[in-house]
Amino acid sequence: MTTPDSKATSFADFGLAEPLNFALEKTGFAAPTPIQQQAIAPQMAGSDLLGIAQTGTGKTAAFVLPMLHEIYHLDGRPAPKTARALILTPTRELAVQINDHIRALTGAMRISSLLVLGGTSRQAQIRGLARGVDILIATPGRLTDLMRDGKVRFDETKMLVLDEADRMLDMGFIKPVQEITKRLHPRRRTALFSATMPREVEHLAAGLLNDPLRVEVTPPGKTAVKVTQSVELLDYPDKRARLAELLKTPEATCSIVFSRTKHGADRITRNLAKDGVEAETIHGMKSQNARQRALDAFRSGRVKVLVATDIAARGIDVKEISHVIQYDLPDEPEAYVHRIGRTGRNGAEGIAIALCSPDERDKLSAIEKVTRLRLLPDGAPANDVKKPSRRRGPKRGPRPVNAQAKGKPSANNSAEAERAPKQRDPSRRRRRPRRRAA
């Protein structure tokens, strides 16, 4: 794998279709980001691509623009139940975000797109697929169900994008992804994007990509440069008051609070309401419509606080998020990077605060190892804080040795033990001599 050196300073340098250049100018795209500079031209030339980039670096446009350019120059319409291009994402929110991006760029272009997601109308998706679609954006679970039922086929799909591949593996989608990709056209162009590059993603890339170009704009696990990070160490019961205090500051104009569990997210939202802070909640137990309503309220500014689980760590593209507060530290240290990637997007500044209780110290150490950063609470190294004792119950004295329990001299006093006469233990039975055979 090699890394291309692109010198494109404007989108016009790529030779994109004229309607795309017009749409880019209309939507405010000024100049390509580093990932776009390196990824767009190779895909337009027909190369497979392995892209490594954080969230918020503009990688959606990095794979959408070459796809739209190619489809624009195709003749005719897609056949029924087929898709010319397939984009697989781990979460519904990310799929909706990509589809919104596509619709903003297509404008008057006759390019169709369709969402296939769990939690929404299956029949509406079947009707959309029956007509054929240019670009299909889907989560693996629902798409696999429709594929097995014969509602969609991929023998004419010649463009594939796997977005957030590492998150897809974390969510257990590896087998559905492999099942889907086996049905695609053998001569296809594939792009795989991932924020981190664990061994499992490398194996997946090796099986899907054909002599790919590797583009990397940030080292895996590196956090956004303009995000000010800090950690506060406090007991878990004290987190509630501290969270409300942080969210009531004038600087917290638009904040995301991350919870480790779904029930925890609901509890945080209820407590914030009692403490005078209005918030919306999104997690996997809510319907897609409820999640979308919560996101719309957050994006529009009607609600300034969104409480979410890691399902939203890579699926929210909201401008000018001022704070990311981690009420619970994540189980996977890589999720820390994706959480704080919700702020400081596209070169903006942001604040990330982690509330760490004593029982989360191991998680904090794992995060420091992945990010290669030392997070400083109140100006002191976090590693200087002592971990809580794991002993349960009252402290016990030294356990007596067996000799003491039986009334024998202590083994700790070896001199007395040697001088003391050996006494027979009455509790032991005396062995009878064996009779000799006559």
Side-chain angles (χ1 to χ4, degrees), residues 16-20 23 40 43-49 60-61 63-90 92 94-163 168 173 175-193 207-210:
L16 294 166
E18 190 58 32
L20 283 176
I40 291 177
Q43 292 176 91
M44 291 178 63
S47 297
D48 284 5
L49 188 94
T60 300
F63 62 75
V64 164
L65 287 173
M67 184 179 289
L68 293 176
H69 172 81
E70 185 171 343
I71 293 175
Y72 176 76
H73 289 94
L74 294 177
D75 296 327
R77 303 297 302 168
K81 296 186 179 181
T82 68
R84 285 172 164 170
L86 172 62
I87 302 174
L88 290 176
T89 72
R92 308 170 196 172
L94 184 55
V96 171
Q97 175 184 313
I98 294 172
N99 190 47
D100 291 342
H101 205 88
I102 290 172
R103 291 187 175 182
L105 291 173
T106 51
M109 300 169 65
R110 296 186 61 186
I111 296 179
S112 59
S113 63
L114 178 68
L115 285 168
V116 170
L117 314 170
T120 57
S121 172
R122 191 174 188 271
Q123 290 303 316
Q125 295 166 8
I126 292 174
R127 289 193 298 268
L129 289 169
R131 297 188 295 267
V133 64
D134 289 311
I135 303 175
L136 179 60
I137 310 104
T139 51
R142 172 59 64 86
L143 186 60
T144 304
D145 293 340
L146 295 178
M147 182 183 68
R148 291 170 179 170
D149 292 343
K151 305 301 181 182
V152 61
R153 55 188 179 88
F154 297 114
D155 53 301
E156 297 186 16
T157 304
K158 296 184 179 181
M159 286 172 275
L160 170 66
V161 171
L162 268 70
D163 195 16
M168 216 172 294
F173 285 141
K175 289 186 178 179
V177 167
Q178 291 173 335
E179 183 178 352
I180 292 168
T181 54
K182 287 179 181 178
R183 308 286 185 93
L184 270 63
H185 196 284
R187 293 190 302 275
R188 65 175 184 269
R189 175 172 59 78
T190 304
L192 186 150
F193 287 84
L208 294 179
L209 304 178
N210 180 27

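Since this is a predicted model, take the numbers as computed values, not measurements.
Using a distance-only test at 3.5 Å, with no hydrogens or angles considered, no donor-acceptor pair links the side chain of Thr106 to the main chain of Met109. Remark: side-chain polar atoms of Thr157 are not paired, donor with acceptor, to backbone N or O of Arg84 under 3.5 angstrom. Between the side chain of His185 and the main chain of Lys158, no donor-acceptor pair closer than 3.5 Å is present.
Annotation: side-chain contact (heavy atoms from CB on, under 4.5 Å) contacts of Ala130 (sequence neighbours excluded): none. Legend: residues meeting side-chain contact (heavy atoms from CB on, under 4.5 Å) with Glu70, ordered by chain and number and at least two apart, are Met159, Arg189.
In this model, a donor atom of one side chain and an acceptor atom of the other lie less than 3.5 Å apart for Thr190 and Arg188. The closest side-chain donor-acceptor pair between Thr89 and Asp163, if any, does not fall under 3.5 angstrom. For the residue pair Thr144/Glu179, the side-chain donor-acceptor check at 3.5 Å is not satisfied.
Heavy atoms only, all atoms of each residue included: Ala191 and Gln43 are closest at CB-OE1, 3.6 Å. A pairwise comparison of heavy atoms in Thr120 and Arg142 identifies O-NH1, 3.3 Å as the closest pair. Annotation for Met67 and Ala85: closest pair SD-CB, 3.6 Å, computed over non-hydrogen atoms. In plain terms, the two heavy atoms of Gly118 and Arg92 that are nearest each other are O-NE, 3.3 Å. Between Pro66 and Ala61, the closest heavy-atom pair is CD-O, 4.0 Å. When every heavy atom of Ala23 is checked against every heavy atom of Ala104, the shortest pair comes out as CB-O, 4.3 Å.
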Residues Asp149, Arg122; criterion side-chain contact (heavy atoms from CB on, under 4.5 Å); working and verdict: CA-CA 12 Å; Asp149 292 343; Arg122 191 174 188 271; 2.3 Å; yes

side-chain contact (heavy atoms from CB on, under 4.5 Å) between Leu162 and Val177, worked out: CA-CA 9 Å; Leu162 268 70; Val177 167; 3.7 Å; yes

Criterion side-chain contact (heavy atoms from CB on, under 4.5 Å) on Phe173 and Ile180, from CA distance to verdict: CA-CA 11 Å; Phe173 285 141; Ile180 292 168; over 6 Å; no

Step-by-step side-chain contact (heavy atoms from CB on, under 4.5 Å) determination, Leu160 to Leu192: CA-CA 8 Å; Leu160 170 66; Leu192 186 150; over 6 Å; no

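The pair Lys81-Asp155 fails the salt-bridge criterion, with no side-chain N (NZ, NE, NH1 or NH2) lying under 4.0 Å from an Asp/Glu carboxylate O. Between Arg110 and Asp134 no salt bridge is recorded (no basic side-chain N to carboxylate O distance below 4.0 Å).
In this structure, CD1 on Ile71 lies 5.5 Å from CD1 on Ile111, to the nearest 0.5 angstrom. Interatomic distance, CD of Gln178 versus NZ of Lys182, reported as 6.5 Å (0.5 Å rounding). Atoms CG and CD, on Asn99 and Gln97 in that order, are 11.0 Å from each other to the nearest 0.5 Å. Atoms CG and CZ, on Leu86 and Arg183 in that order, are 13.0 Å from each other to the nearest 0.5 Å. Here the NE2-CG distance, from His69 to Leu20, works out to 8.0 Å after rounding to the nearest 0.5 Å. The CG atom of Leu115 sits 12.0 Å away from atom CG of Leu143, with the distance rounded to the nearest 0.5 Å.
Under a cut-off of 6.0 angstrom, the local environment of CZ in Arg77 is crowded, with over 12 non-hydrogen atoms contributed by other residues, nucleotides or ligands. Residue Asp100 qualifies as enclosed at atom CG: its count of foreign heavy atoms under 6.0 Å is above 12.
Residues Leu49 and Phe193 form a side-chain contact, since some pair of their non-hydrogen atoms from C-beta on lies under 4.5 Å apart. Tyr72 is not listed as a side-chain neighbour of Leu16, based on a closest heavy-atom distance of 4.5 Å or more. Side-chain contact check for Ile102 versus Leu68: some heavy-atom pair is nearer than 4.5 Å. Using a 4.5 Å cut-off on side-chain heavy atoms (C-beta onward), Ser113 and Arg103 make contact. The shortest distance between side-chain heavy atoms of Leu129 and Leu136 falls below 4.5 Å. The side-chain heavy atoms of Pro140 and Met168, taken from C-beta on, include a pair separated by under 4.5 Å.
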